[in-house]
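A short worksheet on the structure shown next.
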Amino acid sequence: MEPENKKEHFIESIIIKDIENNKNDGKVCTRFPPEPNGYLHIGHAKSICLNFNMANKFNGKCNLRFDDSNPAKEKQVYIDSIKSTVNWLGFEFGTPFFASDYFERLHDFAVELIKKGKAYVCSLSADDLRQYRGTLTEPGKDSPYRERSIEENLNLFTRMKNGEFDEGEHTLRAKIDMSSPNINLRDPIIYRVKKAFHPRTHDQWCIYPMYDFAHCLSDALEGITHSLCSLEFEDHRPLYDWTLDELETPCHPRQIEFARLNINYTVLSKRKLQRLVEENHVQGWDDPRLPTLEGIKRRGYTPESIRNFCDIIGVSKKESRIDMTILENCLRDDLNEKAPRVMAVLRPLKVTIENYPDDKTEALTAKNHPQKEEMGTRTITFSRQIYVEQDDFMEDPPKKFFRLGPGREVRLRYAYLVTCQKVIKDESGNVTELICTYDPETKGGNAPDGRKVKGTIHWVNANDCIDAEVRLYDRLFKDENPEQDKQDFIENLNPHSLEALESCKLEKSLINAAPETAYQFERLGYFCLDSKNADKKNPVFNRTVSLRDVWAKRSKK
RNA sequence: UGGGGCGUCGUCAAAUGGUAAGACACAGGGUUUUGAUCCCUGCAUUCAGAGGUUCGAAUCCUCUCGCCCCAGCCA
């Protein structure tokens, strides 16, 4: 799974070629430019990894730059969340940059454009502007304000800046070509009046640059060499280049587009995620079922697994939908290496070992990792009363069921071989308890007579365990592609995406678990203490991901 | 139907005119005190389709088909 021979992707090839040609003096500088209008999700992780990896690989630098040119949508909480999330992923960005730090310079660039006769103040209303823009198949028409004099434009723009006009009264437009087949070149708006409070510049400005104007110039100002963005900006590249060609800038970065990430059984658009949160289909932006990085983190995903995932899926221009199992597999790969093993019973079934002394408690030694001696051992206790998993007993088991059934013998992990002697049921016929006998000669789990016992099951000592709530998560949507527009994606929600199990029985050592730190509950999956419900009295654990389970898969068929 | 992109295994993805990597998934088998892990084995005569150029084409040319993006004073 290591990308050791991993072939370079097309962006890397471009960068290598640029270095060979000594373009930008052989330097590489990239940037991750989120707008602080929401929380980051795993789709952003792809971009973050791409940008930082390219910079790191070629001894360059990657800036974290907030594209905060629309104060109507942006908030400080998002800025804070984004910074900590990028750090959590494992990337160093130093002092973050902000497009808003360039507002003064951006304004000066706009003035320069006006002076060159390449920008004008347009006084068309939003509706009229749309009319004048034309359509996909028809060219646009020149604005009646297109030929205003430079002096008038300068005067009007200054007054826009000074707050003399209301929103929508005037805009500053680049003078390019109203008949261009590329709509982005039909005199795009580069500045608009917006009387909103900006999280950083507060009320210092009432005009704000549009993305197409701010982004390319911010890139140039920071000395970005390769400006990586998603496919939908391909049509904007001519404008990106036009702006930098018209203005005197320190450099002219190269914009390269790649396909954004899609994953099946989930949604990755900010709009849809927002609906899930606002309509309370999930419990907040950090709900462990969500693909937000905060949710994923709380669920127990490791940054390493996400970085590895981003390496594995590659970078191309083909729009793709990645199988969720690839992400899960990256996670299991990582957790298998580092998660200590522990025993926990999620759906407890009481077992009494009838030939085990009532007052006896025994200490047993369990490995913290079956393949890694260096992770050490721990002590667990055994007594007459234990719990096993309900799934590990069947009254009428099929062939190849290696677990407990009437008269069957199994191994209790690290303890003894036990045989089921009696099944106790309540009035309605539900199995409530098992009466078993143990073989005192098999301490540790090996039979001196060499008899083979195929099944090994986990258990916990009923007299020495902790109660906890355990939350099991399943995919958020029923359909592989919830984003298709045939129906409202909300209809597609999986009603069983969250299953909370009360009074699960956990091995005592888990009392020391730290939030978001992975444990493998043997035979069940990887779990971590929930960071919001870490109370020692009523701990809540999240299932990060289950173990692969070919038995479950086979019995489903 | 204007413009810009994209089509290689079920899903991602290499191959840069020299004879289809790899990963996940899937199917078999082995080891195992986790039905986990680990280890083997198999899995595209064919690259959206059709023509053409060439000793040789997934790669070059032509046409056709399919999918995505663009008409915010959002990014």
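Letters A, B, ... are given to chains in the order of the sequence lines, protein chains preceding strands, and every chain is numbered from 1.
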Inset, instruction - Scan A/R341 against the nucleic acid and name what it touches under 4.0 Å (heavy atoms): base, sugar-phosphate only, or nothing. - result: base
Legend entry - Near-parallel close stack of A/W551 and B/G35 base (under 5.5 Å, under 30°): yes
Legend entry - Atom-to-atom span, CZ of A/R411 to C1' of B/A36 - whole angstrom: 15 Å
Inset, instruction - Compare every heavy atom of A/E167 with every heavy atom of A/K195, then report the nearest pair and how far apart it is. - result: N-OE2, 2.7 Å
Inset, instruction - To the nearest Å, give me how far apart CG (A/D323) and C1' (B/C26) are. - result: 12 Å
Legend entry - Rounded distance in Å - CG (A/N184) to P (B/G2): 18 Å
Legend entry - Atom-to-atom span, NZ of A/K367 to P of B/A36 - whole angstrom: 17 Å
Inset, instruction - Assess whether one donor atom and one acceptor atom, taken from the side chain of A/E328 and the base of B/A25, lie less than 3.5 Å apart. - result: no
Legend entry - Exercise: identify the closest heavy-atom pair between A/P36 and A/Y78: O-CD1, 3.1 Å
Inset, instruction - Would you mind checking if A/R260 and A/E319 are paired as a salt bridge, meaning a charged N to carboxylate O distance below 4.0 Å? - result: no
Inset, instruction - Identify whether any heavy atom of A/K194 sits under 4.0 Å from a base atom; if not, whether one sits that close to sugar-phosphate; answer base, sugar-phosphate or nothing. - result: sugar-phosphate
Legend entry - A/K553 vs B/C26: side-chain N/O to OP1/OP2 distance below 4.0 Å: yes
Inset, instruction - Sort and list the pairs that fulfil ring-ring contact (aromatic ring centres under 6.0 Å, His included) and have at least one residue in residues 166-189 of chain A, not counting sequence neighbours. - result: A/F165-A/H170
Inset, instruction - Using a cut-off of strictly less than 4.0 Å, decide whether A/R554 has a side-chain nitrogen or oxygen near OP1 or OP2 of B/C26. - result: no
Legend entry - OP1 or OP2 of B/G35 under 4.0 Å from side-chain N/O of A/T456: no
Legend entry - Stem segments of RNA chain B by first residue number [Watson-Crick or G-U, under 3.5 Å, at least 3]: B:2-7 with B:65-70, B:10-12 with B:22-24, B:26-30 with B:38-42, B:48-52 with B:60-64
Inset, instruction - Calculate the interatomic distance between A/R186 atom CZ and B/G72 atom P; express it in whole Å. - result: 11 Å
Legend entry - Interatomic distance at C1', B/G72 relative to B/C9, whole Å: 41 Å
Inset, instruction - Between B/A23 and B/C43, how far apart are the C1' atoms? Round to whole Å, please. - result: 14 Å
Inset, instruction - Taking only the side-chain nitrogens and oxygens of A/R133, find out if one of them lies under 4.0 Å from OP1 or OP2 of B/C70. - result: no
Give every pair of a protein N or O atom and an N or O atom of nucleotides 66-69 of chain B that lie under 3.5 Å apart, one pair per line with the distance.
{"unit_1": "B/C68", "atom_1": "O2'", "unit_2": "A/E319", "atom_2": "OE1", "d": "3.1"}
{"unit_1": "B/C68", "atom_1": "O2'", "unit_2": "A/E319", "atom_2": "OE2", "d": "2.5"}

Legend entry - Atom-to-atom span, CD1 of A/I190 to C1' of B/C74 - whole angstrom: 17 Å
Legend entry - Check: A/N153 side chain, A/Y120 main-chain N or O, donor-acceptor pair, under 3.5 Å: no
Legend entry - Distance-only side-chain donor-acceptor flag, A/T325 / A/D323, under 3.5 Å: yes
Legend entry - Sugar-phosphate, base or nothing in reach of A/E522, heavy atoms under 4.0 Å: base
Inset, instruction - Kindly say whether A/S47 contributes a backbone atom to a donor-acceptor pair with the side chain of A/N51 at under 3.5 angstrom? - result: yes
Legend entry - Rounded distance (nearest 0.5 Å) linking atom OG of A/S69 with atom CZ of A/F103: 6.0 Å
Legend entry - Side-chain H-bond candidate by donor/acceptor type, A/S125 with A/D128, under 3.5 Å: yes
Inset, instruction - Classify the side-chain pair A/N37/A/E74 by whether it contains a donor and acceptor separated by less than 3.5 Å. - result: no
Legend entry - Nearest-Å distance once atom C1' is located in both B/U34 and B/G66: 47 Å
Inset, instruction - Measure from CD on A/E234 to P on B/C6 and round the result to the nearest Å. - result: 7 Å
Inset, instruction - Spell out yes or no: do the side chain of A/R403 and the base of B/G35 have one donor N/O and one acceptor N/O closer than 3.5 Å? - result: yes
